[in-house]
Every structure is written in structure tokens, then in C-alpha cells.
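Here the structure is laid out as C-alpha cells; the discussion comes afterwards.
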Amino acid sequence: MQEFDKQYYKIKEVAEILGVAQSAIRFWEKEFPTLVKPTRNAHNMRYYRAQDIEKLQIIKYLVKEKGLKIEAARAYLRSNPQNVSRRLEIIDALTDVRNELSGLLTAIGGRKL
């Protein structure tokens, strides 16, 4: 998972981190109310903590990458939440390794992966 350097992030920043629209984040927040609970200030602006962003990454993985419908994603999370987190961590680690290997291959004059 990604390292976060701030305590709170605005929804615009979270959208950029996840690569999704702000409306998707608001939608997931409504659909997964027990999972994602941003802090709100006096002006009702949302502020997300690192653990909120990590949960949103899991939701994104299930909905966007695995192609699950919202109800199926909820059921998946209820049945085995640790497995989903672990899988996402493994995918992130493998992606990092692939990117590093691709960079090394390019550096020695090979083609990109």
C-alpha cells in the first residue's frame, strides 16, 4: 500500500491518488458507510485519513479492477476482508517490481515490458 505523508486529505487529493472522479468517492462513501467515514469540518467538507484512503483503494480494486457490482463487493468484504487487503498489497508489490524491471530493461537497451 501507498505511504501517506499527511494526516488528512481533501476529496480532490484522494481522487487524484486513486485515479477516480470525486463523484465515485462520494458514491462509494454512501454505498459502504461502515467502511468509509471521512471526518467533516464545520463547513461539511470531507477530510480523509490514510486508513480511509486504503479502504477506498480496496473498494476501487473490487469494483473497477475485479468488475464486481456494489452488492457483490459488499459481500466479498463481509466474507473475507483481510484476504482482499492482502491481495491488493501483493498486486501493488508485483506492479512495483514489474515497473522496476521494466526500467532496468530499458536502461540496458532492451524493450519495455
Side-chain angles (χ1 to χ4, degrees):
M1 291 278 185
Q2 181 177 344
E3 290 291 322
F4 299 102
D5 56 351
K6 294 179 5 182
Q7 188 171 2
Y8 292 100
Y9 293 82
K10 293 180 180 179
I11 193 168
K12 181 180 180 182
E13 296 170 303
V14 176
E16 289 172 4
I17 290 167
L18 297 175
V20 298
Q22 293 177 33
S23 58
I25 295 169
R26 287 189 292 272
F27 177 73
W28 293 337
E29 183 183 324
K30 288 178 188 173
E31 293 297 321
F32 299 88
T34 60
L35 200 61
V36 182
K37 298 177 192 173
T39 303
R40 292 180 183 257
N41 68 7
H43 302 289
N44 209 26
M45 288 183 61
R46 295 168 170 90
Y47 288 94
Y48 297 86
R49 295 165 301 174
Q51 54 264 46
D52 295 319
I53 298 170
E54 289 171 357
K55 290 174 184 173
L56 285 165
Q57 287 174 321
I58 291 169
I59 293 169
K60 177 189 173 197
Y61 166 71
L62 292 173
V63 174
K64 297 283 187 183
E65 295 175 30
K66 283 193 66 121
L68 297 179
K69 296 191 185 282
I70 295 296
E71 188 54 45
R74 276 194 217 113
Y76 201 89
L77 286 168
R78 276 191 305 267
S79 67
N80 201 350
Q82 279 73 32
N83 187 36
V84 177
S85 278
R86 185 69 185 133
R87 241 181 230 209
L88 188 56
E89 288 173 15
I90 291 169
I91 289 169
D92 285 346
L94 289 173
T95 301
D96 291 345
V97 168
R98 183 178 194 270
N99 291 340
E100 188 171 331
L101 289 173
S102 182
L104 290 171
L105 188 59
T106 301
I108 61 170
R111 62 178 179 81
K112 277 195 151 189
L113 296 175

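No more than 12 heavy atoms of other residues, nucleotides or ligands lie within 6.0 Å of CD in Q7, so this atom counts as exposed by the packing criterion.
With sequence neighbours excluded, no residue forms a side-chain contact (heavy atoms from CB on, under 4.5 Å) with K37. The side chain to side chain donor-acceptor pair (under 3.5 Å) search around K6 returns E13, not counting sequence neighbours.
In this structure a side-chain-to-backbone donor-acceptor pair under 3.5 Å is missing from S102 to R98.
From K10, atom NZ reaches atom CD of Q22 across 11.0 Å, with rounding to the nearest 0.5 Å. For the atom pair CG of L35 and CD1 of I58, the computed distance is 7.0 Å after rounding to the nearest 0.5 Å. If you take CD1 on I53 and OH on Y9, they are separated by 5.5 Å, rounding to the nearest 0.5 Å. Note that NE2 of H43 is 8.5 Å distant from CE of M45, once rounded to the nearest 0.5 Å. With rounding to the nearest 0.5 angstrom, the CD1 atom of I59 is 7.5 Å from the CD1 atom of I70.
The two atoms that bring P38 and D52 nearest to each other are CA-OD2, 4.0 Å, heavy atoms only. Nearest heavy-atom pair, A15 versus A21, reported as atom, atom and distance to 0.1 Å: CB-C, 4.2 Å.
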N/O donor to acceptor pairs below 3.5 angstrom from side-chain atoms of residues 24-32, sequence neighbours left out:
from: E29; atom 1: OE1; to: R46; atom 2: NE; distance (Å): 2.8
from: E29; atom 1: OE1; to: Y48; atom 2: OH; distance (Å): 2.9
from: E29; atom 1: OE2; to: R40; atom 2: NH2; distance (Å): 3.2
from: E29; atom 1: OE2; to: R46; atom 2: NE; distance (Å): 3.3
from: E31; atom 1: OE1; to: R74; atom 2: NH2; distance (Å): 2.4

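Applying the salt bridge (Lys or Arg N to Asp or Glu O under 4.0 Å) rule to pairs touching residues 55-64 yields nothing, sequence neighbours excluded.
Criterion: ILVMFWY side-chain heavy atoms under 4.5 Å apart, direct or through other members. Under it, L18 and Y8 are not part of a common hydrophobic cluster.
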